[in-house]
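In what follows, chains carry the letters A, B, and so on, assigned in the order in which the sequence lines appear, proteins first and then strands, with residues in each chain numbered from 1. Model, not experiment: these values are computed from the prediction.
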There are 2 protein chains.
Amino acid sequence: MSPKPGIDGKALGRLPNLAWLSPDQLQGLAQSLVPQKIKRRDTIFFEGESANRVFVLLSGVAKLSFIHRDERVLVGLVGPGEVFGVSSLLPHMTRPFRCDAFSDCTIGVVRPETFVGLVLGVPLERFSRTLEITVGRWWMMLQRYTNFVGLSVRERLAGALLELSAKFGVEDARGTLLTLKFTHADLAELVGASRQRTTEQLNEFEDEGIIIRDGRRVIIVPQQLRALIETPANETARPAHDGVGQNRRN
Amino acid sequence: MSPKPGIDGKALGRLPNLAWLSPDQLQGLAQSLVPQKIKRRDTIFFEGESANRVFVLLSGVAKLSFIHRDERVLVGLVGPGEVFGVSSLLPHMTRPFRCDAFSDCTIGVVRPETFVGLVLGVPLERFSRTLEITVGRWWMMLQRYTNFVGLSVRERLAGALLELSAKFGVEDARGTLLTLKFTHADLAELVGASRQRTTEQLNEFEDEGIIIRDGRRVIIVPQQLRALIETPANETARPAHDGVGQNRRN
DNA sequence: GCGGTTTTGTCGCCTTGGCGACAACCCGTC
DNA sequence: GACGGGTTGTCGCCAAGGCGACAAAACCGC
């Protein structure tokens, strides 16, 4: 695993992110990292790929973007010395972002098992699980928020309801029953909308049969909601409400 | 550290999040967790506090919210069995969110050193560092996005410029020089705005002396930008542009 | 220097959605 | 079963900002 020109352990140690590793660790990492050059605008990995490598950016700048039906959101930039592609450290994960080179880059590629073994001295499995229960939540939240950028209130609310039903829902003859009683104001806070607009949107959902109200409790029909999120701006059952659509860049 | 009624290791193992721990680990965790009851609407921790405990939610539902000048965004909900307050696992961290009980809760409190020791068998310091270089980025991104909810393009752009200058900036007589050349379209993607609006806003910033343009390169004056972000909707130098302000809930 | 490409600057029109102000209403409590 | 606070439903007005369409610059490879 070290046939290529190779990377210098000392050089790695000068990267601020890795300076705390012991000389031995740096040495090991340097040997395990497979160097690779990437040209500006080329893609390092695609969203949806199964995540089985970790990357270290050795030089250049890379760009992480989230893509939702040809809407792309620049999620962040990676600078020299940073470790990226870390979704491979979580259990059975596919990459949520696409990563491409913003300028010409050199990267080091390594298997997650090797990386975790070297840096922590713990089997990947264990680390993975620990990550999942601790920072897994951040991951979910991050995905939610990147998703939200550029969506209408309608879509954000749909997404939020779906999430809530997955987490706090109970199956019911008519759909998924939300066990907690959320006020419209709560939901508004959750999706970043005004209380009034949230009320209106919920009523629209009810008209469209996407949610059912049982007193002040809510029952959700997940299929319809999911459809609503996948599909561009259009109507699912009733062609009444004119959908949405002021969220496209150019 | 087990004077209280105590928590049952077996019961902990039934929480889906923790089921993978060995009986010994569960036992140890059960003994280390200090149980505590929290009443609905009471606060478990405040934003800004120094983060030196990890929590496990044993029953009930808790609510994480991000607060930015009395605008509060409901960031997420914590269900039974989940581990939260994990910012204490990162080095010298203060809590970014406030957490309060959405319903009556019982929680288990534990020191991060103990938690990591039990679950991973590694010293906190080492785990902490590893977390930082791997998932630290998510953390930053998450904070950015929660921040962004309910902000105007002006403010989001200001924030993004600040972030970029911190990461890719070089000090200069007049301020911080951005070394990469971003097109307005890049910036627009980053803040989730249209390209045109981004152009306009950048020009406004230039008029106000918040940024300086040197050909197509940009120099940033961090103080002014920072001021702009802290202050409600008003003007920093020139009272010309009428600021913003359609982002308050009720 | 030249011509094509990329980036920037500006309009105008139009939708989304924030916000204040109430009225109606539900629901638990005394 | 009446009261009162929290919640929901609805309007109207208006600011923010998306989007198309171009024109003007700046940039780049030859």
Inset, instruction - Find the distance A/Glu200:CD to C/dG17:C1' and express it as a whole number of Å. - result: 9 Å
Inset, instruction - Give the rounded distance in Å between these two atoms: CG of B/Leu187 and P of C/dG9. - result: 12 Å
Inset, instruction - Describe, in one word, how the ring planes of A/Phe102 and B/Phe182 are oriented to each other, choosing from parallel (under 30°), tilted (30 to 60°) and perpendicular (over 60°). - result: tilted
Inset, instruction - Could you state the atom-to-atom distance from CG of A/Leu157 to P of C/dG17 in whole Å? - result: 11 Å
Inset, instruction - Would you classify A/Lys181 as touching base, sugar-phosphate or nothing, given that sugar-phosphate means primed atoms plus P, OP1 and OP2, and contacts are heavy atoms under 4.0 Å? - result: nothing
Inset, instruction - Tell me, yes or no, whether the heavy-atom count around B/Arg213 atom CZ, taken from other residues, nucleotides or ligands under 6.0 Å, exceeds 12. - result: yes
Inset, instruction - Measure up the A/Phe97 and A/Trp139 rings against each other and bin them: parallel (under 30°), tilted (30 to 60°), perpendicular (over 60°). - result: perpendicular
Inset, instruction - Summarise how protein sits on nucleotides 2-8 of chain C as a single string, 5' to 3': B when a protein heavy atom is under 4.0 Å from the base, S for sugar-phosphate-only contact, - for no contact. - result: -----SB
Legend entry - Separation of atom CD in A/Glu206 from atom P in D/dT8, rounded to whole Å: 12 Å
Legend entry - Nucleotide D/dG18, atom C1' - distance to CG of A/Leu151 in whole Å: 14 Å
Legend entry - Distance-minimising heavy-atom pair for A/Leu58 and A/Leu15: CD2-CD1, 4.5 Å
Legend entry - Interatomic distance where CD belongs to A/Gln201 and C1' belongs to D/dG9 [whole Å]: 14 Å
Inset, instruction - Measure distances between side-chain N and O atoms of A/Gln196 and base N and O atoms of C/dG20, and say whether any donor-acceptor pair falls under 3.5 Å. - result: yes
Inset, instruction - Please report the shortest heavy-atom distance between A/Gly209 and A/Val221, naming the atom on each side. - result: O-CG2, 3.9 Å
Legend entry - Whether B/Phe66 and B/His68 hold their rings parallel, tilted or perpendicular, with breakpoints at 30° and 60°: parallel
Legend entry - Distance in angstrom units between B/Arg197 CZ and D/dA21 C1', rounded: 19 Å
